[in-house]
Asker: 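Got a structure here, written out as structure tokens. Questions coming.
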Amino acid sequence: MTIAVIGSGIGGLAAALALAPMPVTLVTKAALGAETSTGWAQGGIAAALGDDDSAELHLADTLAAGDGLCDAEAAARILQGAPEAIAFLERHGVAFDRAPDGRLAFGLEAAHSRRRIIHAGGDATGAAIVKALTKAVAATPSITVVSGTEVRRLLVRDKAVCGLAGVKDGQPFRLAAARIVIATGGIGGLYDASTNPAGNFGQGVALAARAGAALADMEFVQFHPTALATDIRPLPLISEAVRGEGALLLNEKGERFLAATPGAELAPRDVVARAIAAEIARGGRVFLDARAALGIRFKNRFPEIFAICARAGIDPATDLIPVRPAEHYHMGGIAVDASGRSSVGGLYAVGECAATGLHGANRLASNSLLEAAVTGLAAAADIAAAPPAPELALPALALPAASGLATMRGIVSGALGVTRDHAALGEAIAALLPLAESDGADADPAIVALSIAVFAAMREESRGGHARTDFPQKNPESRRRAMTLDAVFAHARALSARPALARSA
């Protein structure tokens, strides 16, 4: 039985390693471990391993940040998997930072009630994890790495996957596989301002949706409050951990505009992002002030962030750091169960491209790397325990063109940003629907963008990462939503046919 893993961030690497000695083909668009959101993660991994902490406390913080839409059972299961996941990473070469007494060093981030964020290499945690796991993969004989390969379609027979098709080094590529793990990361490429690799537009979500898999929670997009305000793309991230060390947010008048907000600078990310966006919308500017909290210690505590600032001509010890919100993480994605199984036979999803129910409407800081590791291990365990699946003949398929993103970024950034409203969503749906139904280069990213827009239009409330200016209150009957691509198209046509939406378009 052939097993394929698509993507080489922490979720895909962990799944492939955990499946050893079963043979696995790991398919990655770039070089192994390159162009992954994992590699850029600064904040670390949330894990309730301290003496004053517990999985129950971690769960309470996660549920609070998730704003009423977490799947509590799924969240508890993932958070309880932290010890196993951290031990797995350490066995495969990840060296987490330690205190002078040799115990794990814990940092604090927003909306956590305990210091439970563990790092590797200070603020270069993601890079350290990717470096260790790619080295481990390269040393594992059962894993075959196929790099330089863009997967453009999953192949399906009898409602189950049987393979994948794409392009490798400019040539058609097909692989028979009875089990496929999608670990393709996020959707940042759809946005002009994002902290994610620019080419990540939700490819895994599009692949799964076209194969018939249900999608969930697509409207919930998290905007990191403090990306460096610069012309560089993707936008460099100024980690929440800087605020965890006491840095303050000030506007151009020197006012600490979050002072009266519960949690202040360490309020949940959606709250902070909207507050900063409001300051910028009125024509103001926002700065992170680490001078008093860190001063000359900044360079040693956050060497990577210090280097980022230095490239922009900023010395955090003496200068204010200009910041702005940027798309950072997608809470939605491919609907999966406890083992990472999608609604399509043999198809799994792990990490950011999956919707497990852990994050609800708003991700708690540093829960993402933990979720990816835990779900990668869970998917591997489920595949390993299942009886071998027969290899099926691959169906014929005309390979689609490479995807383009220029059209998407204008539509998505305008209508699906920190705040949304009825008119803009209507215009976006009207523009995206024909693109998503076409055979053009825009089709796959348009499918992902249209799904976000339809889910957002149907959620007539503000909750977590989804803020509607025309529906600012929460709906007491709110619940999660899942739909297939056929249902998304049907709802898009119906929404476009509404007189109000038609007028706004």
Side-chain angles (χ1 to χ4, degrees), residues 6-7 27 29 149-156 161 163-168 170 172-174 180 182 184-192 194 196-216 218-219 221 327 330 332-335 342 344 347 349 353 395-416 425-457 483-496 505:
I6 307 172
V27 183
K29 185 169 64 173
T149 303
E150 182 183 10
V151 179
R152 296 188 184 168
R153 290 292 182 269
L154 300 181
L155 305 176
V156 179
V161 292
L164 53 84
V167 174
K168 174 175 170 53
F173 173 82
R174 286 157 67 90
I180 297 176
I182 299 180
T184 50
I187 61 167
L190 296 176
Y191 287 82
D192 173 61
S194 172
N196 293 177
N200 285 12
F201 66 81
Q203 294 95 319
V205 173
L207 289 171
R210 285 189 179 277
L215 309 179
M218 291 294 290
E219 68 270 44
V221 181
E327 188 282 335
H330 190 206
I334 305 160
S342 76
V344 173
L347 180 63
C353 67
L397 175 73
L399 207 59
S403 297
L405 292 171
T407 303
M408 290 304 106
R409 287 181 179 139
I411 298 171
V412 172
S413 299
L416 296 167
L425 289 170
E427 292 171 2
I429 290 169
L432 291 166
L433 180 57
L435 296 174
E437 292 182 310
S438 76
D439 293 324
D442 294 321
D444 282 356
I447 279 175
V448 182
L450 179 67
S451 299
I452 298 170
V454 167
F455 274 69
M483 286 191 283
T484 63
L485 182 57
D486 286 344
V488 168
F489 279 140
H491 282 290
R493 296 184 194 106
L495 290 166
S496 296

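Nothing fancy with the numbering, it's 1 onward along the sequence.
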Asker: Please round to the nearest 0.5 Å and tell me the distance separating atom CG of L207 and atom CD1 of I334.
Answerer: 8.0 Å
Asker: Is there a side-chain contact between N196 and E327 in this structure, where contact means two heavy atoms from C-beta onward sitting under 4.5 Å apart?
Answerer: yes
Asker: Mark yes or no for whether S342, through its side chain, and A213, through its backbone, hold a donor-acceptor pair below 3.5 Å.
Answerer: no
Asker: Applying side chain to side chain donor-acceptor pair (under 3.5 Å) as the test, list every pair that has at least one member in residues 429-439; sequence neighbours left out.
Answerer: E437-R493
Asker: Step by step, would you call I6 with Q203 a side chain to side chain contact (heavy atoms under 4.5 Å, CB included)?
Answerer: CA-CA 10 Å; I6 307 172; Q203 294 95 319; over 6 Å; no
Asker: Contact between N200 and T184 at the side-chain level, heavy atoms closer than 4.5 Å - yes or no?
Answerer: no
Asker: Search all heavy atoms of A457 against all heavy atoms of L495 and return the closest pair with its distance.
Answerer: CB-CD1, 4.0 Å
Asker: Which heavy atom in I182 sits nearest to a heavy atom in C353, and how many Å separate them?
Answerer: O-SG, 3.4 Å
Asker: Quick check: closest heavy atoms across V448 and G202, and the distance to 0.1 Å?
Answerer: CG2-O, 3.5 Å
Asker: Within the structure provided, determine whether L433 and S496 are in side-chain contact (heavy-atom separation under 4.5 Å).
Answerer: yes
Asker: Rounded to the nearest 0.5 Å, what separation is found between the CD atom of E219 and the CD1 atom of I452?
Answerer: 9.5 Å
Asker: Compare all side-chain heavy atoms of T484 with those of L215 and state whether any distance is below 4.5 angstrom.
Answerer: no
Asker: Considering only heavy atoms from C-beta outward, does the side chain of L416 approach that of L190 to under 4.5 Å?
Answerer: no
Asker: Can you list every side chain to side chain donor-acceptor pair (under 3.5 Å) pair that touches residues 207-216, not counting sequence neighbours?
Answerer: R210-D444
Asker: Go through the steps to decide whether L450 and F489 satisfy the test side chain to side chain contact (heavy atoms under 4.5 Å, CB included), and finish with yes or no.
Answerer: CA-CA 8 Å; L450 179 67; F489 279 140; 3.7 Å; yes
Asker: Would a 4.5 Å heavy-atom cut-off, applied to side chains only, mark M218 and H330 as touching?
Answerer: yes
Asker: Would you mind writing out the side-chain donor-acceptor pairs for residues 400-412 within the sub-3.5 Å range, not counting sequence neighbours?
Answerer:
| residue | atom | partner | partner atom | Å |
| --- | --- | --- | --- | --- |
| R409 | NE | G189 | O | 2.8 |
| R409 | NH2 | G189 | O | 3.4 |
| R409 | NH2 | A198 | O | 3.0 |

Asker: State, to 0.1 Å, how close A453 and L425 come at their nearest heavy-atom pair, and which atoms those are.
Answerer: O-CD2, 4.1 Å
Asker: Does the side chain of L164 come within less than 4.5 Å of F173's, by heavy atoms?
Answerer: yes
Asker: Starting at CD1 of I180, measure out to CG of L154 and round the result to the nearest 0.5 Å.
Answerer: 5.0 Å
